[in-house]
Asker: 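The structure is given below, and queries will be raised subsequently.
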Amino acid sequence: MEITFINPGVDYMVQQIMEFQTEGETKFWSEPLYHFYPQLNKEYAASLSFPERKNYIESILRTVYIGLENEINEKTAVYAQYWAVCKGQITAALSDAFNIDCANLFNDLRCNVSINPISPRFLEERCFDVFYLNSERGAIGISIHELVHFVWFHVWNQLYRDNYDEYERPSLKWILSEMVVESVMKDSRLSTINPYFPRENGGCIYPYFFDMEVDGVLILDTLDKMYERQNVRDFMLNSYSYCQMHETEIRNHILHKESL
């Protein structure tokens, strides 16, 4: 496994930021931008049409980027150095978790160090984003989360032979992949180098999963037990079947939490 950390440039960053500022997007995804960039007036932006909002946000963030470009370039180098230190144990842990040799998998991954506080990932393009305000440990913690997705769906695709388009938000397959990261992350080779693990440190998955229940039982506890007792392919089949059975409860919970 290999990750090349790069500064993708302001055009890319603005494009990805605007993906989370569309009409009807929930607060969970749209509001972090205004938290980190108080130069932006949230109420004013919300009053604009999408083309006008894009122009408004872009004009301000391009100025922000000019002031941050050197720091982003420095962070890119620091992240790469720390990845070189950690990649051996990460690769070994993921190889064991997924019962597959990861050493020669995904040697062409790209991490975009960005001003975007949301960190999207793109499976087929083999790239993901990391927010520049992360420390080097934080950046590697985020990278582990994304690596779990890359390997998870590599194995998943071998099992299901479905389409990669089905792995993106808001599909149930995407939801499941986001929940299981915590179970994989409990391997000490991963958890000890992820500053966002355990939950008390912020958590390595979306916080709205923490209190999600079915019949009074936390879904994450159910998935944990399944993960501990089953090989990864059986776990994929059975955990997805479980989520299909309870899809309504899962989606209603997420919708409620994302809108708060």
Side-chain angles (χ1 to χ4, degrees), residues 20 24-32 35 93-94 96-99 117-121 123 138 141-142 144-160 162 165-260:
F20 299 95
E25 187 58 89
T26 62
K27 294 179 181 179
F28 181 84
W29 300 101
S30 64
E31 291 201 349
H35 170 78
L94 294 179
D96 290 346
F98 291 96
N99 194 28
I118 306 297
S119 300
R121 57 108 179 101
L123 294 170
I142 298 296
I144 296 170
H145 176 113
E146 303 304 342
L147 287 171
V148 171
H149 289 314
F150 280 101
V151 183
W152 171 273
F153 282 119
H154 175 79
V155 177
W156 180 283
N157 190 259
Q158 292 178 336
L159 184 62
Y160 279 96
D162 47 7
D165 291 342
E166 300 176 45
Y167 304 159
E168 303 300 337
R169 185 171 73 105
S171 77
L172 188 63
K173 294 174 183 179
W174 174 84
I175 293 171
L176 172 62
S177 77
E178 294 293 344
M179 288 194 286
V180 300
V181 167
E182 187 178 69
S183 296
V184 177
M185 197 74 71
K186 288 181 178 179
D187 185 311
S188 62
R189 291 169 291 184
L190 304 178
S191 63
T192 55
I193 56 175
N194 186 347
Y196 302 124
F197 187 94
R199 296 177 194 177
E200 291 75 14
N201 293 341
C204 61
I205 60 176
Y206 297 127
Y208 54 62
F209 291 130
F210 296 153
D211 62 349
M212 183 186 292
E213 295 183 354
V214 168
D215 297 329
V217 179
L218 293 172
I219 288 180
L220 292 182
D221 288 348
T222 299
L223 293 177
D224 263 348
K225 290 177 182 177
M226 295 170 67
Y227 179 78
E228 293 168 359
R229 297 170 182 172
Q230 302 173 13
N231 67 61
V232 68
R233 290 175 181 262
D234 286 343
F235 173 67
M236 286 179 171
L237 290 167
N238 293 326
S239 61
Y240 186 53
S241 177
Y242 170 80
C243 288
Q244 287 177 307
M245 290 172 57
H246 301 290
E247 182 171 3
T248 299
E249 299 101 302
I250 290 170
R251 289 195 178 279
N252 286 343
H253 178 90
I254 292 173
L255 181 62
H256 171 67
K257 290 289 186 175
E258 285 190 351
S259 300
L260 293 177

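Computed from a predicted model, the values in this text were never measured in an experiment. The figures that follow rest on heavy atoms only: side chains count, while hydrogens, waters and symmetry mates do not.
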Asker: Check the pair M236 / W152 against side-chain contact (heavy atoms from CB on, under 4.5 Å), numbers first and verdict last.
Answerer: CA-CA 9 Å; M236 286 179 171; W152 171 273; 3.6 Å; yes
Asker: Hey, mind stepping through Y206 and W29 against ring pair (Phe, Tyr, Trp, His ring centres under 6.0 Å) and telling me if it holds?
Answerer: CA-CA 11 Å; Y206 297 127; W29 300 101; 5.3 Å; yes
Asker: So among L94, D96, V232, which one has a side-chain contact (heavy atoms from CB on, under 4.5 Å) with V184?
Answerer: L94
Asker: Could you measure the distance from the CG atom of L123 to the CD atom of E146? Nearest 0.5 Å is fine.
Answerer: 9.0 Å
Asker: Check for a donor-acceptor pair, side chain of S177 on one end and backbone N or O of H149 on the other, with a separation under 3.5 Å.
Answerer: no
Asker: Is N201 close to P195 at the side-chain level, that is, under 4.5 Å between some pair of heavy atoms?
Answerer: no
Asker: Measure the shortest side-chain to side-chain distance between Y160 and L237 over non-hydrogen atoms and say whether it is less than 4.5 angstrom.
Answerer: yes
Asker: Could you tell me whether a side-chain N or O of S30 sits under 3.5 Å from a main-chain N or O of T26, the two making a donor and an acceptor?
Answerer: yes
Asker: Search all heavy atoms of L255 against all heavy atoms of S259 and return the closest pair with its distance.
Answerer: O-OG, 2.9 Å
Asker: Mind checking the CD1-CD1 spacing from I250 to I219? Nearest 0.5 Å is all I need.
Answerer: 4.0 Å
Asker: Carefully, step by step, assess H246 and Y242 under the rule ring pair (Phe, Tyr, Trp, His ring centres under 6.0 Å).
Answerer: CA-CA 7 Å; H246 301 290; Y242 170 80; 4.9 Å; yes
Asker: Between P120 and F20, is there a side-chain heavy-atom distance shorter than 4.5 Å?
Answerer: yes
Asker: Find out whether I205 and E178 are in side-chain contact, i.e. whether some heavy atom of one side chain is under 4.5 Å from a heavy atom of the other.
Answerer: no
Asker: Report the distance from atom OH of Y227 to atom CZ of F235, rounding to the nearest 0.5 Å.
Answerer: 7.5 Å
Asker: Measure across C204 and V181 and return the closest heavy-atom pair with its distance rounded to 0.1 Å.
Answerer: O-CG1, 3.9 Å
Asker: When the ring planes of F153 and W156 are compared, do they come out parallel, tilted or perpendicular, using 30° and 60° as the limits?
Answerer: perpendicular
Asker: Sub-3.5 Å donor-acceptor pair from the side chain of S171 to the main-chain atoms of E168, do we have one?
Answerer: yes
Asker: Can you pull out every salt bridge (charged side-chain N to carboxylate O under 4.0 Å, His left out) where at least one residue sits in residues 228-256? Sequence neighbours excluded, please.
Answerer: E247-R251
Asker: Below 4.5 Å, heavy atoms only, C-beta onward: do I175 and F209 meet side chain to side chain?
Answerer: yes
Asker: Is L260 close to K27 at the side-chain level, that is, under 4.5 Å between some pair of heavy atoms?
Answerer: no
Asker: Starting at CG of L159, measure out to OH of Y240 and round the result to the nearest 0.5 Å.
Answerer: 12.0 Å
Asker: At what distance, to the nearest 0.5 angstrom, does NZ of K257 lie from NE2 of H253?
Answerer: 5.0 Å
Asker: Does N238 offer a backbone N or O that forms a donor-acceptor pair with the side chain of S241 under 3.5 Å?
Answerer: no
Asker: Listing request: all salt bridge (charged side-chain N to carboxylate O under 4.0 Å, His left out) pairs with a residue in residues 148-160, at least two apart in sequence or in separate chains.
Answerer: none
Asker: Measuring from N157:CG to K173:NZ, what's the distance to the nearest 0.5 Å?
Answerer: 9.0 Å
Asker: Applying side chain to side chain donor-acceptor pair (under 3.5 Å), name anything that partners N194, two or more places apart in sequence or on another chain.
Answerer: none
Asker: Do you know which two heavy atoms are closest between I118 and P32, and how far apart they sit?
Answerer: CD1-CG, 4.0 Å
Asker: Please step through side-chain contact (heavy atoms from CB on, under 4.5 Å) for the pair V180 and L176, ending with a clear verdict.
Answerer: CA-CA 6 Å; V180 300; L176 172 62; 3.7 Å; yes
Asker: Between M179 and M212, is a side-chain contact (heavy atoms from CB on, under 4.5 Å) present by the stated rule, with each step listed?
Answerer: CA-CA 10 Å; M179 288 194 286; M212 183 186 292; 4.3 Å; yes
Asker: Does any part of the side chain of S191, heavy atoms only, come nearer than 4.5 Å to the side chain of K186, both counted from C-beta?
Answerer: no
Asker: Under 4.0 Å between a side-chain nitrogen and a carboxylate oxygen: does that hold for R199 and E182?
Answerer: yes
Asker: How about CG on D221, more than 12 heavy atoms from neighbouring residues, nucleotides or ligands closer than 6.0 Å, or not?
Answerer: yes
